[in-house]
Structures are given as structure tokens and as C-alpha cells.
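A quick write-up on the structure given underneath.
Values in this document were obtained by computation on a predicted structure and should not be read as measured data. Only heavy atoms go into these numbers, but all of them, side chains included; no hydrogens, no water, no symmetry mates. Order of appearance sets the numbers: ligands from 1, and atoms from 1 within every ligand.
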Amino acid sequence: MLKIGVLVSGGGTNLQAILDAMERGSIRDASIEVVVSNKTNAYALERAKKHGIPTRCISPKDYDSRQAFSEALSEALSAFQVDLIVLAGYLVILPEGIIRSYAGRIINIHPSLIPSFCGDGFYGLKVHEAALQRGVRVTGATVHFVDEGTDTGPILLQKAVEVRSGDTPQVLQRRVMEEAEWIILPKAIDLIAHGKVRVEDGKAILLEQ
Ligand code: GRF
């Protein structure tokens, strides 16, 4: 059974997609052991509580140093024996110590087709504003492994979404969530739970799907 820790900062629609996928059997042999947020008011925490999942609020602002924050987060993750960390709308830069301890065991959902519209400053609506500004005809979402960079780790899954004339950033964000994020994040977790993913030479290899 793959034990998952989900890190959130906002509404938690990606967390909800994981919960729903587990309930309908699209994700098997995996369980969410803890949901951790840096925001006490993140609605994602309410979603977790409704499912009886333990929650923790661990914010860098509550610690005197990055190191202290890193230790608190690391303690929470190991207390729940987390095997895989899932960043689902998590807006805090993970401490390097955690990235090293969980090398190859952290995934993130990013709302664009990496390497487009990613890296420092590209998060939430800003990603879609940039896509509309550039005039792309296609955008989408990416699940990637997390390394020391920002949105630079091996790409695991991607799904394209068309951009329609008249799209606002909000309308486009919602379409990318519905048609891409909420589909590929649960699928990525199920693949990992069944050992169907390997990382070699910086590339994610998908074994038979
Ligand atoms: C989404 O756009 C997601 O792609 C990004 O954070 C936003 C909020 O996600 N990573 P959620 O509703 O909190 O899951």
C-alpha cells in the first residue's frame, strides 16, 4: 500500500480529484495518510477532514529558520510513514533536505505543458495569463517529479487542453483543471502505486500502462 502525504495551499480541487479517484477505484493500493498545508484556512484541509484524513498546518512563517521548518515538515511526514509526497497546489518551496530525503518520491502538478510557462513566478492564474498573453492554441497540465529546481524535474504525465477564443484566465484555469489536472494526477499516483514508473538519466520511464 503506497502511503501518500499531500501538501496543499489552496482550494484542494486536486486533492479532491485524488480522493474521488480512490473512491471509484481509479487509484488502487494507495492511501492518503496526511494532508499538510501552510495555510490554516486552506479549504483543502476541510476536504481532508470530511474524509477523516489527519491534517497538519505547518507554515514557514511559524519557524525561526528554514531549517526548523524543514525539520517540522519532515517529522510530520515520517510520523505518517509517507512513501510519496504529492504537491497539489502547494505554494511553498520545499526545503532541500526534504527533496534529498524523498528523492524520486515527490510529484507536483503544474498547470501548463512544461517547459512552457513554468519556473519562478509561474503559479496559479499567472500561468494561464501568460499562456493567453502568448496566444498559444494549446496548453494543458504536467505531473513531474520534484528536484531542486522549480518545475524542472522529470516529466511523468502531460495532457493537452485547447485554448478557446474569448477565454479568460479563470475560464482557462478551470478547463485545464477539469480536462487535465484532475485526470493526470490521479493516474500518476496509480502508476507509481503499481511500480509502473522508473526514473533513468533524468527521464521518467513509463512501464507498460
Ligand atoms: C491549480 O491551478 C494547480 O494546478 C496548481 O494550484 C492550483 C490550485 O490547485 N498547482 P487546488 O485547487 O488547490 O488543487
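- Looking at ligand 1, you won't find any N or O of H128 less than 3.5 Å from one of its N or O atoms.
- Of all the listed residues (N14, L87, L15), N14 holds the heavy atom that lies closest to atom 9 (O) of ligand 1.
- Residue H110 has no N or O atom closer than 3.5 Å to an N or O atom of ligand 1.
- Taking atom 6 (O) of ligand 1 as the reference point, the nearest protein heavy-atom neighbour is G89 CA, 3.3 Å.
- The atoms of ligand 1 that sit less than 4.0 Å from any heavy atom of I109 are 10 (N).
- Applying the 6.0 Å contact sphere to CD of E178 captures more than 12 heavy atoms from other residues, nucleotides or ligands.
- Between M177 and ligand 1, a contact under 3.5 Å exists for no N or O pair.
- Within the 4.0 Å heavy-atom shell around ligand 1 one does not find A44.
- When hydrogens are left out, the protein atom nearest atom 4 (O) of ligand 1 is E181 OE1, 2.6 Å; that is the closest non-hydrogen contact.
- With a 4.0 Å heavy-atom cut-off, ligand 1 is reached by no atom of Q16.
- Residue pairs meeting the salt bridge (charged side-chain N to carboxylate O under 4.0 Å, His left out) criterion with at least one partner in residues 49-70, sequence neighbours excluded, are E46-K49.
- Looking at atom 12 (O) of ligand 1, its nearest protein heavy atom turns out to be T13 OG1, 2.6 Å.
- To the nearest 0.5 Å, atoms NZ (K196) and CD1 (I205) are separated by 16.0 Å.
- The closest protein non-hydrogen atom to atom 13 (O) of ligand 1 is G12 N, 2.9 Å.
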Exercise. List the steps, then state whether side-chain contact (heavy atoms from CB on, under 4.5 Å) holds for R100 with E148.
Key: CA-CA 8 Å; R100 276 196 303 275; E148 281 75 9; 4.1 Å; yes
For residues 76-90, run the donor-acceptor check on the side chains, cut-off 3.5 Å, and write out each pair with its distance to 0.1 Å, sequence neighbours left out.
| unit_1 | atom_1 | unit_2 | atom_2 | d |
| --- | --- | --- | --- | --- |
| S78 | OG | S74 | O | 2.9 |
| S78 | OG | E75 | O | 3.3 |
| D83 | OD2 | K3 | N | 2.7 |

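- Proximity to Q173 (heavy-atom distance under 4.0 Å) selects the following atoms of ligand 1: 2 (O).
- In this structure, M22 and I4 have side chains that are in contact, with non-hydrogen atoms separated by less than 4.5 Å.
- Here CD1 of I114 is found 4.0 Å from NE2 of H144. Values are rounded to the nearest 0.5 Å.
- A heavy-atom distance below 4.5 Å is not found between the side chains of V8 and R47.
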